[in-house]
Amino acid sequence: MRFQGFTGGGSFQFVANINLRFGSGSAQTLPAELAALGASKPFVMIDPGVFNAGVATPIAKALEAGGIAAYVFTEVEENPSDAAIERAFGVARKSQCDSVIGIGGGSAMDSAKGVGLLMTNEGAVADYDGTNKVKRDLPPVVAIPTTAGTGSEVTANASVTRASDHYKMSLRSPRLLPKLAIVDPSLLRTLPRKAAAASGLDALAHAIEGFLSVRASPLSDFFALQAIGLLAPNVRAFVANPENLDAASSMALGSMLAGMVVSNTGTGNDHALARALGGLCELPHGVATGMLLPHVMAFNASARPERYVEIAKAMGIPAEGGQREVAARATDEVRQLLADLDLPSRLRDVGVPENRLPEVVEIAIKNVGPNPRRTSPHDLAAILSAVY
Ligand SMILES: [Fe+2]
């Protein structure tokens with residue numbers, strides 16, 4: 001690895017809290033880990049689908065056996081709103097909980113961060129939209145992912161929809177880093193095929209957007225390339241059968257590393273557009289980031305073509321030839337992944353009305369941040385019309 005190709009003259013910041021329990025069955029360590037964190041009454045926020053599928057039952061049993069009086073809350077919203085998090089906080093406060101556990105995908109883990117935030121910080125969730133607004137440390141927050149996607153278990157952010165206008169807020173503060181992540185690939189066993197595919201593509205989008213970001217650093221690059229190398233070759237086998245523990249472990253580790261990456265590099269055009277589509281048209285996040293990814297990769301290829309050679313190598317596809325040629329090959333590989341996983345590739349096929357696209361551009365242009373190629377509203381409109 002060479003120390004070159006970075007913006008900012010090589011200076012960078014990298015924030016992470018790696019307190020991790022990884023491995024099949026690691027969720028059983030939760031009672032002991034809670035004791036180590038000094039927590040005795042956790043507010044357990046479980047995604048309702050995960051709860052109904054019985055995924056969290058072994059965890060609940062372990063808590064019971066460990067004599068821990070948990071309050072189990074299953075009314076977690078998909079794309080959680082500030083109003084829903086504030087309602088959940090009301091329940092947590094009434095039941096005098098001293099810690100929060102999020103079990104599920106990004107929605108459950110971000111909801112847990114939101115409730116933890118309100119336990120020690122006054123006011124409303126919306127007061128903390130933006131960077132470094134969180135004033136006080138949170139009580140212990142433990143994140144237990146049941147999808148291999150968002151990486152929220154190791155990110156310093158929470159995505160929350162503002163109920164008043166459907167704007168997707170992004171709360172960013174090192175204080176939002178969970179105190180502990182328990183990544184147990186055996187919990188992915190019953191993940192439905194569609195969710196496995198969409199969340200896998202989202203994780204890949206994190207790794208690729210983070211690697212191409214103008215805020216990439218030697219540390220984030222290290223994790224991004226590892227993540228791409230774990231995710232791209234394993235996502236097909238994982239979606240075909242999430243009980244394949246090798247594939248599930250690769251996906252779980254890859255999505256976690258990709259989460260550490262984006263927590264530090266931010267994301268580019270793909271996530272800017274996907275967040276706007278999620279807020280306005282309720283398009284599931286992974287479906288949006290997946291279908292946008294090849295188009296955004298093609299758009300960005302001229303900015304950092306040399307990085308696409310590294311991406312291709314990490315993906316395990318041929319990296320010979322000119323940089324632009326390799327970039328096109330890496331982009332095609334992502335397009336092929338979408339097709340192989342039966343993920344939608346056109347906005348028109350997922351019920352997004354064409355007349356809302358200008359609004360999507362208007363919101364997304366404010367969030368293109370660290371995208372490697374400078375982007376105008378016209379560019380975003382062109383990307384959207386190509387995906388449409
Ligand atoms: Fe994402």
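Because the structure is a prediction, the values reported are computed rather than measured.
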Just checking, any donor-acceptor pair under 3.5 angstrom between side chains of Thr120 and Lys135? no
Any ion pair linking Asp98 and Lys41 (charged N to carboxylate O, less than 4.0 Å)? no
Please determine whether residues Leu37 and Met119 belong to a single hydrophobic cluster, defined as Ile, Leu, Val, Met, Phe, Trp and Tyr linked transitively by side-chain heavy-atom distances below 4.5 Å. no
Would you call Glu333-Arg329 a salt bridge at under 4.0 Å N-O? no
Ile59/Ile103 under side-chain contact (heavy atoms from CB on, under 4.5 Å): CA gap, chis, key distance, verdict: CA-CA 10 Å; Ile59 305 176; Ile103 304 176; 4.0 Å; yes
Please determine if Arg346 forms a cation-pi arrangement with Tyr388, meaning its NZ or CZ atom is less than 6.0 Å from the six-membered ring centre and no more than 45° off the ring axis. no
Carboxylate-amine/guanidinium proximity below 4.0 Å for Asp342 and Lys194: no
My understanding is that only residues two or more places apart in sequence, or in another chain, count here; which of them pass salt bridge (charged side-chain N to carboxylate O under 4.0 Å, His left out) with Arg189? none
Check this for me, if you would: do Arg348 and Glu354 make a salt bridge, where the nitrogen-to-carboxylate-oxygen distance has to be below 4.0 angstrom? no
When rounded to the nearest 0.5 angstrom, what distance separates CD in Gln226 from CE in Met260? 11.0 Å
Check ion pair Asp82-Arg162 (N to O, under 4.0 angstrom): no
Output yes when Glu359 and Arg356 qualify as a salt bridge under the 4.0 Å nitrogen-oxygen rule, no when they do not. yes
Phe211 ring centre to Arg307 NZ or CZ under 6.0 Å, with the angle to the axis within 45°? yes
Which side-chain N or O atoms in residues 67-80 pair as donor and acceptor under 3.5 Å with protein atoms at least two apart or in another chain?
unit_1 : atom_1 : unit_2 : atom_2 : d
Glu77  : OE1    : Ser81  : N      : 3.1
Glu77  : OE1    : Ser81  : OG     : 3.2
Asn79  : OD1    : Lys168 : NZ     : 3.0

